[in-house]
Amino acid sequence: MNLINRLEMEQMRKNIPVFKAGDTLRVHVKIVEGDKQRIQMYQGVCIKRMNNGLGSSFTVRKISGGFGVERIFSLHSPNVDRIEVVTSGMVRRAKLYYLRKLQGKKARIREKRPV
């Protein structure tokens, strides 16, 4: 069991910022098209974070063309190039599924004020 844990620790990424549900994130994702590779940004609100070692993931929701779009990213995936925290939100829940039903100004999240 220690060998498995050690192998998982070696495969984990080290440059992950501290974030939680309610934060606005900008995720840089590597996209492979044929033999070319480019980086695409995906910005939205983190509505869920699951910590499970190497299988950790987070869900980001944004509004695109009037429709809500959610995308699940693996935290330690090689396709995720970089994660930036744009704003830090002030929420009282760990999973923000209630945002799916809200529109417009009701779907806003209060920002944490810097101390």
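Checking side-chain atoms of R26 against main-chain N and O of V86 turns up no donor-acceptor pair under 3.5 Å. Between the side chain of D81 and the main chain of V29, no donor-acceptor pair closer than 3.5 Å is present.
Both I31 and V69 are part of a single hydrophobic cluster, where members link through side-chain heavy atoms under 4.5 Å apart. Taken together through direct or relayed side-chain contacts under 4.5 Å among Ile, Leu, Val, Met, Phe, Trp and Tyr, V45 and M41 form parts of separate hydrophobic clusters. With hydrophobic clusters built from ILVMFWY side chains whose heavy atoms lie under 4.5 angstrom apart, Y42 does not share a cluster with V32. I47 and V85 fall into different hydrophobic clusters, where Ile, Leu, Val, Met, Phe, Trp and Tyr side chains are chained together by heavy-atom contacts under 4.5 Å. M50 and V60 fall into different hydrophobic clusters, where Ile, Leu, Val, Met, Phe, Trp and Tyr residues are linked whenever their side-chain heavy atoms come under 4.5 Å apart, directly or through other members.
Counting heavy atoms from C-beta on, the side chains of I83 and F73 never come closer than 4.5 Å. In this structure, R49 and L75 have side chains that are in contact, with non-hydrogen atoms separated by less than 4.5 Å.
When all heavy atoms are compared, the tightest approach of A94 to A21 is O-CB, 3.2 Å. The shortest heavy-atom contact between L99 and A107 is CD2-O, 3.8 Å. Across D23 and G89, no two heavy atoms sit closer than the pair OD1-N, 3.0 Å.
Between the CG atom in L54 and the CG atom in L7 there is a gap of 10.0 Å [rounded to 0.5 Å]. If you take OG1 on T59 and CZ on R71, they are separated by 11.5 Å, rounding to the nearest 0.5 Å. Atom CZ of R61 and atom NZ of K48 lie 13.5 Å apart (nearest 0.5 Å). With rounding to the nearest 0.5 angstrom, the CD atom of E33 is 4.5 Å from the CZ atom of R38.
Within the structure, the salt bridge (Lys or Arg N to Asp or Glu O under 4.0 Å) test picks out the following pairs touching residues 89-102 (sequence neighbours left out): E70-R100.
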Report the C-alpha separation of H76 and I16 in whole Å, then their side-chain angles, then the decisive distance to 0.1 Å, and conclude whether the side chain to side chain contact (heavy atoms under 4.5 Å, CB included) test is met. CA-CA 9 Å; H76 301 288; I16 297 170; 3.5 Å; yes

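The environment of Q103 atom CD is sparse: at most 12 non-hydrogen atoms of other residues, nucleotides or ligands sit within 6.0 angstrom. Residue K20 qualifies as enclosed at atom NZ: its count of foreign heavy atoms under 6.0 Å is above 12. Within 6.0 Å of CZ on F67 lie no more than 12 heavy atoms contributed by other residues, nucleotides or ligands.
Every residue two or more places apart in sequence or in another chain was checked for a salt bridge (charged side-chain N to carboxylate O under 4.0 Å, His left out) with R108, and none qualifies.
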